[in-house]
Undergrad: 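Please see the structure below; I have some questions.
Just so it is clear, the values below take in all heavy atoms, side chains as well, and ignore hydrogens, waters and symmetry mates. Counting starts at 1 for both ligands and their atoms, in listed order.
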Amino acid sequence: MRVRRGAAMAAAVLTALVPATTAASADPGGGIGDPYFPSYGNTGYDVGHYDLRLDYTPDTDRLKGTATLVTRTTEELDSFTLDFLLDVDSVRVNGRPADFSSEGHKLTVTPKRPVADDRQMTVVVKYSDTPSTAGWGGVPTAWHRGEDGVVALGEPEASWWWFPANDHPRDKATFDVRVQVPEGYEAISNGVLTGRQTRGGKDIYLWRQDRPAATYLATLAVGDYEVHEDETASGLPVYNAYAPTLGDLAGPARASIERGAEILEFQEESFGPYPYNALGGVVAGPDTDLGFALETQTRPVYSHAFFARGSNTYVVAHELAHQWWGDHVSVDTWQDIWLNEGFASYAEWMWSENEGEGTAQELAEYTYSRYPADSDFWTVPPGDPGSDDVFHSAVYDRGALAVHALRVEVGDEDFDAILRTWQEDHAHGNGDVGEFIALSEKISGKDLGGLFDTWLYTPERPASAPGAEGDG
Ligand code: ARG
Ligand code: ZN
């Protein structure tokens, strides 16, 4: 399920309320410099690690937290900003109390003394609030409460409701998440569960994500989940969790998610070795108003709705493909969302071929013909969809057609080499579409400018489906 979001309005509100000037790059509220979401992220420092110690009570939606950000400054800082909406109790910078103020989704921190360039800067933020009451400018909440729990996830904005962050994929970091919940609740996050204990009527879970992750790929789920732990043939710990309210959908959900290891093994053949040391999925129940799935690192979260018509391994293939396309190699700006959604969608076609349910060529022709030439679908170029359309179906479906067009043009051997080399060249980092095109041209020895112009940047229907006989 792909949901369009009202980000155009949100972005307009953001630019109206947040000064866009970036003269001094640490200008409070200035943003990291994303053309689609100018106020998102921050400058002046780079986060290496987030250590989050959280205490959450589902009944009252009370969240208490201590977030320690281990950062490095990239300029001298009089003050700096973090993306965060919750009420803050105190901030310390390198051990000393700092002044702070909040406006919109920006927390501005002013240390007692400026911090020099290229220094370690440790920021400790203590906070307590009721995340469901926090919001700003019509931006959709990333705090999805159900009957008896919560799932935190969102894209592109995610952390604002549960931890202070440099909330932009350009600044990736490792995570330790310690969550304390009332006894009997499960608390699930990314990576490996390294510890679990019960103390004083609380269950405590320690999660570790020790490979860099974009902040929107961090998730937290609290509830009475049914947990299935396992290990893959290659020794990866598997941790899958199913909401207690799934009812009839629990069967199809399990039949889909539990094939994750098999899907992963298939995808490794095309994309290269799986970049993480844990695997899993979280399926939210119908009590949680979640209309989408998200590739949260090592542990995607799925809306129950994907399993309403039976098992669905395609959504699992999609979210697991994102572990390479989006997670391992992340966008540098949100305009390049095609690098995530085009490839994750194409991975569904590859999986279909493997399952004997239709070849990529058949799916390309079917997808092309599904949208008449005068459909609005063709007016949204997947390479520059606009901030209100980053999750438009054109980014997914035409995005996959663009990938197929590349494959047809360069042939399977070069296509595989391009995908694998891309992953190796940008391991645990970022990449942009220009770099992807350059790599494709280098490996294939072909000028591909025209092909990418046609499929990614032209707001009209290309003459025919890639690889199709005739002119479609
Ligand atoms: N990256 C997600 C996916 O492809 C899309 C998330 C859409 N987000 C949203 N808030 N609607 O599966
Ligand atoms: Zn996707």
Side-chain angles (χ1 to χ4, degrees), residues 1-11 36-37 40 135-145 150-162 167-169 190 213-219 256-257 260 263 267 271 281-284 288-307 312-331 333-351 367 380 382 385-403:
M1 183 178 298
R2 288 128 191 193
V3 180
R4 293 178 63 163
R5 48 194 303 288
M9 192 257 293
Y36 277 17
F37 301 99
Y40 289 23
W136 192 57
V139 175
T141 183
W143 193 253
H144 306 270
R145 267 186 105 191
V150 71
V151 189
L153 78 158
E155 183 185 6
E157 56 289 297
S159 75
W160 308 0
W161 289 265
W162 66 290
D167 194 24
H168 191 279
N190 310 86
T215 46
Y216 81 97
L217 297 171
T219 190
S256 313
I257 305 294
I263 294 169
Q267 293 180 334
F271 305 151
V282 175
V283 184
T288 307
D289 181 26
L290 192 72
F292 58 93
L294 190 66
E295 60 269 25
T296 38
Q297 196 156 301
T298 70
R299 192 152 291 106
V301 176
Y302 303 86
S303 160
H304 72 284
F306 287 102
F307 310 106
N312 176 356
T313 50
Y314 291 101
V315 68
V316 181
H318 182 107
E319 303 311 333
L320 292 183
H322 271 307
Q323 301 305 308
W324 286 267
W325 302 94
D327 296 13
H328 183 229
V329 184
S330 303
V331 294
T333 70
W334 286 109
Q335 181 187 325
D336 285 349
I337 188 71
W338 169 71
L339 285 170
N340 293 8
E341 302 306 343
F343 287 84
S345 301
Y346 195 69
E348 297 181 51
W349 298 1
M350 296 168 94
W351 177 243
T367 302
V380 177
S387 62
D388 49 344
D389 278 333
V390 286
F391 300 116
H392 191 279
S393 55
V395 175
Y396 291 74
D397 292 350
R398 186 172 168 179
L401 285 167
V403 177

Undergrad: Among all residues two or more places apart in sequence or in another chain, which pass the side chain to side chain donor-acceptor pair (under 3.5 Å) test with Y216?
TA: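 Side chain to side chain donor-acceptor pair (under 3.5 Å) check on Y216 returns N340.
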Undergrad: Could a heavy atom of A293 be found less than 4.0 Å from some atom of ligand 1?
TA: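 Contact check A293 vs ligand 1: positive.
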Undergrad: Are L153 and F292 close enough that some pair of their side-chain heavy atoms sits under 4.5 Å apart?
TA: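 Of all side-chain heavy-atom pairs linking F292 with L153, at least one is under 4.5 Å.
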Undergrad: Suppose I only count heavy atoms of H318 and a 4.0 Å limit; which atoms of ligand 1 are within that range?
TA: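 What qualifies from ligand 1 is 3 (C), 4 (O), 12 (O).
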Undergrad: Which ligand 1 atoms does L294 reach within 4.0 Å, using its non-hydrogen atoms?
TA: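 Answer, ordered by atom number: 1 (N), 2 (C), 6 (C).
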Undergrad: Do V403 and F343 have side-chain heavy atoms sitting under 4.5 Å apart?
TA: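 Yes, their side chains come closer than 4.5 Å.
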Undergrad: With sequence neighbours excluded, what pairs up with V329 under the side chain to side chain contact (heavy atoms under 4.5 Å, CB included) test?
TA: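 V329 satisfies side chain to side chain contact (heavy atoms under 4.5 Å, CB included) with W422, Q423, H426 only.
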Undergrad: Are W349 and L401 packed together at the side-chain level, in the sense that at least one heavy-atom pair is separated by less than 4.5 angstrom?
TA: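 SC-SC contact between W349 and L401 confirmed.
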Undergrad: Numbering the atoms of ligand 1 from 1, which are under 4.0 Å from a heavy atom of E319?
TA: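 Counting from 1, the qualifying ligand atoms are 3 (C), 12 (O).
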Undergrad: Which option out of E157, E155, H144 puts a heavy atom nearest to atom 1 (N) of ligand 1?
TA: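 It is E155 whose heavy atom sits nearest to atom 1 (N) of ligand 1.
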Undergrad: What are the protein N/O/S atoms, named by residue and atom, that sit under 2.8 Å from the Zn ion (ligand 2)?
TA: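 Near the Zn ion (ligand 2), the protein supplies H318 NE2, H322 NE2, E341 OE1.
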Undergrad: Taking the side chain as C-beta and beyond, is there a heavy-atom pair between Y40 and D167 under 4.5 Å?
TA: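 A side-chain contact is absent here, since even the closest heavy-atom pair is not under 4.5 Å.
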Undergrad: When you compare the side chain of E341 with that of H318, does any pair of heavy atoms fall below 4.5 Å?
TA: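 Result yes, sub-4.5 Å side-chain heavy-atom pair found.
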Undergrad: Is I257 close to F307 at the side-chain level, that is, under 4.5 Å between some pair of heavy atoms?
TA: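 Yes; the side chains approach each other to less than 4.5 Å.
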Undergrad: Taking only heavy atoms of E341 into account, list the atoms of ligand 1 that are under 4.0 Å away from them.
TA: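 This gives 1 (N), 2 (C), 3 (C), 4 (O) as the contact atoms.
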Undergrad: My understanding is that only residues two or more places apart in sequence, or in another chain, count here; which of them pass side chain to side chain contact (heavy atoms under 4.5 Å, CB included) with H304?
TA: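 Only L246, L249, P286 meet the side chain to side chain contact (heavy atoms under 4.5 Å, CB included) criterion with H304.
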